[in-house]
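These notes concern the structure reproduced below.
In what follows, every heavy atom counts, from backbone to side chain, and hydrogens, waters and symmetry copies are set aside.
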Amino acid sequence: MKIADLYIRVSTDEQADKGYSQRDQEDRLRHYCKIKGFDIRHVFIEDHSAKTFERPEWKNYLSILRKSKNNKVPIALLFTKWDRFSRNAADAYQMIKVLRAFGVEPEAIEQPLDLSVPENKIMLAFYLATPEVENDRRSLNVFHGMRRAKKEGRCMGTAPLGYTNKIAKDKRKYIAIDDFAAPLLRWAFEQIIENNFNKEQVWKLLREKSQSRVRFSKNNFWRALRNPLYCGKIFIPPYKDEDGHFVVGQHEPLISEHMFDEVQRVLDGRKRIVKPKVVSPNHLPLRGFLKCSNCGKTMTGSASKGKMGRYYHYYHCSSTCGVRFKAEVANDAFINQLRNLVPKQGILDLFTEAFVNEFEQQTKMQSNERMDLLKQIETQNQRLKNALVQKIDGEIDNEEYQEMKTLIGTRLKELEMKLNKLATVHVEIRELLKTAVERLADVYLCYKNGDIEEKRLIVSSMFPELLEFDGTQHRTPRVNAVVSLIYQKTNKLKRKKNGTSLSFFDLSREVFPKGLAQPRHPPARP
């Protein structure tokens, strides 16, 4: 008794839907079995590519063979041609070995070979290599076609954020500006340049503006900020002896090339708003930190030589308004006010506990972020596998697959870099914080005993806005948020309620404390 399993495979969904190739193969195989006297046991119909053996029906067939591996009856696996069996010679030879271990002999009815004859293996190699070469040639043609299209300035694949895919009357595909998403993305580029918000804040505002109508994910947004396509350029990656270069795209630019370059400078840290450093002698530590109470301009300082050759230092207005006072008086008043900044009983312990709790939450979030990165990497790898299956099934063409592969590969590199940089923190934060808080509690002594640079660092850290001296004490509308919490004179810290936490990382810097005296009247406008 002769037993045969029939394997029928098509390579595209179109063939599977129409069914012509499947029915034709099945008819020919059944007719062959009738002539040769085979009893048909199983019929497997596949609609996956033969580049690999990762096919659902083929896996099902191997599973059946494993369950019936003790069957001593020889089985013939019949298909029409060897390219129906495989289009990868190396995989095919390995699979033939596996089938023979189960007592199954593969056979192509239209390309019959007696593999017991050594010379026939040459023909088998030819039958298997020919479709593989055909696939490789087709892939190479698609690659060169896509590269040529990019050199002509065409954007290939799915349109990026702010654009949409269109098809012209001549069936030519192109990308056009999206009327809703493009203005939002242009606004984001402008905000990055103006430094009104950081990148994270711009992204969150962008999502609010989009009202979920556009998928402005963080990853897509970061990638968009770095994509030269928005200024009308398309990057041609290097290939063989040809270096990578940019070409002018056929699409309409969303922003100017100058704006794109400015955004890159901001993102790279090459464009920063840096306040000029004020060089000051030891007797004038507050030079550049004082504001004229008359005209509102920044005050400077200088020394005057007296009759006895002694120098007297003064702070004075940089304009001609005539405001001037002795540096010694202003300096002593500032030191006395620092002396009065004594933390309330228990406030440092509360601050320390709150900081440590927040730090533990941050490190916990870091661990969660690590797990999230691992999950994202796994997801991207699965997406890459799915894209390959879609390409093999004919659901997407090679152009779209290469685009998806590039995007997914870039994302994987980003995730892996983040994962490598995300080291677990093992720091005795409580001891470090204790030392820092002790110095902050004795800020008066730190300032008094510090050199000129340490003094100026303390002033700039505590008071983000200029001080105003009225001859007796210094005033300021705003101080550093942490300083305002530690040295506050009013009981702003309420009792902690269940389910709440004090976060010193999320506090707004717009705090108007009572630590230093508030202006009695609004300062004059400059």
Side-chain angles (χ1 to χ4, degrees), residues 12-14 49 138-139 141-186 188-189 203 206-207 209-237 239 244 246-255 260 263 376-415:
T12 65
D13 288 336
E14 182 180 4
S49 171
R138 187 183 296 112
S139 298
N141 290 341
V142 171
F143 169 78
H144 285 296
M146 292 179 61
R147 189 172 180 84
R148 170 47 53 189
K150 285 187 176 182
K151 287 183 177 180
E152 294 175 357
R154 294 176 57 192
C155 177
M156 311 301 294
T158 305
L161 286 174
Y163 288 90
T164 182
N165 291 102
K166 297 284 187 179
I167 300 179
K169 293 182 179 179
D170 59 356
K171 305 299 181 181
R172 182 179 61 88
K173 297 180 179 180
Y174 68 100
I175 61 171
I177 288 182
D178 186 281
D179 295 335
F180 178 77
L184 295 177
L185 200 56
R186 190 181 294 112
F189 277 98
W203 170 65
L206 189 64
R207 293 187 64 183
K209 287 178 175 289
S210 67
Q211 299 176 350
S212 301
R213 292 177 57 182
V214 182
R215 188 175 177 271
F216 281 112
S217 67
K218 184 180 293 188
N219 180 52
N220 289 340
F221 178 62
W222 291 166
R223 188 165 56 243
L225 294 178
R226 293 289 192 178
N227 193 348
L229 181 140
Y230 292 101
C231 67
K233 291 184 176 181
I234 294 179
F235 179 68
I236 310 299
Y239 178 68
F246 289 94
V247 298
V248 179
Q250 297 182 8
H251 61 281
E252 180 182 354
L254 186 64
I255 59 174
F260 181 79
V263 170
Q376 291 186 52
I377 291 175
E378 183 180 355
T379 300
Q380 295 300 322
N381 286 324
Q382 186 60 45
R383 286 184 59 195
L384 190 60
K385 292 181 181 179
N386 294 341
L388 179 59
V389 172
Q390 288 178 319
K391 176 179 174 293
I392 293 174
D393 295 346
E395 297 178 4
I396 59 175
D397 55 26
N398 190 69
E399 174 184 331
E400 294 174 326
Y401 169 72
Q402 293 297 333
E403 181 72 15
M404 294 175 65
K405 182 179 179 181
T406 301
L407 294 177
I408 294 174
T410 302
R411 177 57 177 162
L412 281 172
K413 290 181 180 179
E414 294 174 354
L415 292 172

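Side-chain contact, Asn220 with Arg223: a donor N or O sits under 3.5 Å from an acceptor N or O. A donor and an acceptor atom, one from each side chain of Asn386 and Gln382, are located under 3.5 Å apart.
For Tyr401 (side chain) and Ile392 (main-chain N/O), no donor-acceptor pair under 3.5 Å exists by modelled atom type. In this structure, the side chain of Arg186 engages the main chain of Leu254 through a donor-acceptor pair within 3.5 Å. Within the 3.5 Å criterion, the main-chain N or O of Glu395 finds no donor-acceptor partner in the side chain of Asp393. Remark: side-chain polar atoms of Trp203 are not paired, donor with acceptor, to backbone N or O of Ala188 under 3.5 angstrom. One N or O on the side chain of Arg147 and one on the backbone of Pro237 form a donor-acceptor pair closer than 3.5 Å. Side-chain atoms of Glu399 never come within 3.5 Å of backbone atoms of Val142 as a donor-acceptor pair (strictly under, hydrogens ignored).
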For side chain to side chain contact (heavy atoms under 4.5 Å, CB included), just list the numbers for Thr164 and Ile175, CA-CA rounded to whole Å, side-chain angles, deciding distance to a tenth of an Å, and then say yes or no. CA-CA 5 Å; Thr164 182; Ile175 61 171; over 6 Å; no
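The closest side-chain heavy-atom distance from Gln211 to Phe180 is not below 4.5 Å. Contact check for Lys405 versus Lys391: no side-chain heavy atoms found under the 4.5 Å cut-off. Contact annotation: the side chain of Phe235 never approaches that of Asn227 to less than 4.5 Å [non-hydrogen atoms, C-beta and beyond]. By the 4.5 Å heavy-atom criterion applied to side chains, Asn219 and Glu414 are counted as neighbours.
Here the CE atom belonging to Met404 is positioned 15.0 Å from the CZ atom belonging to Arg411, to the nearest 0.5 angstrom. With rounding to the nearest 0.5 angstrom, the CG atom of Leu384 is 11.0 Å from the CG atom of Leu407. Here OG of Ser217 is found 7.0 Å from CG of Leu161. Values are rounded to the nearest 0.5 Å. We find the CD-CD1 distance between Gln402 and Ile396 to be 9.5 Å, quoted to the nearest 0.5 Å. Taken to the nearest 0.5 Å, the CG atom of Asn398 stands 7.0 Å off from the CE atom of Met146. To the nearest 0.5 Å, atom CD1 of residue Ile255 and atom CG of residue Leu229 are 10.0 Å apart.
Contact record, Glu152 with Gln250: O-NE2, 2.7 Å, taken as the closest heavy-atom pair. The heavy-atom pair separating Ile234 from Cys155 by the smallest distance is CD1-N, 3.8 Å. Here the shortest heavy-atom pairing between Phe246 and Pro228 reads CE2-CG, 3.4 Å. Of all heavy-atom pairs between Leu415 and Gln376, the closest is CD2-OE1, 3.5 Å. Of all heavy-atom pairs spanning Phe260 and Arg226, the tightest one is CZ-O, 3.6 Å. Across Gly157 and Asn165, no two heavy atoms sit closer than the pair O-ND2, 3.2 Å.
His251 and Tyr163 have perpendicular rings, their planes meeting at more than 60° on a 0 to 90° scale where under 30° would count as parallel. Ring geometry for Phe189 against Tyr230 counts as tilted: the plane angle lies between 30° and 60°, on a 0 to 90° scale.
Residue Arg172 qualifies as enclosed at atom CZ: its count of foreign heavy atoms under 6.0 Å is above 12. Around the NZ atom of Lys151, the shell of radius 6.0 Å holds more than 12 heavy atoms that belong to other residues, nucleotides or ligands.
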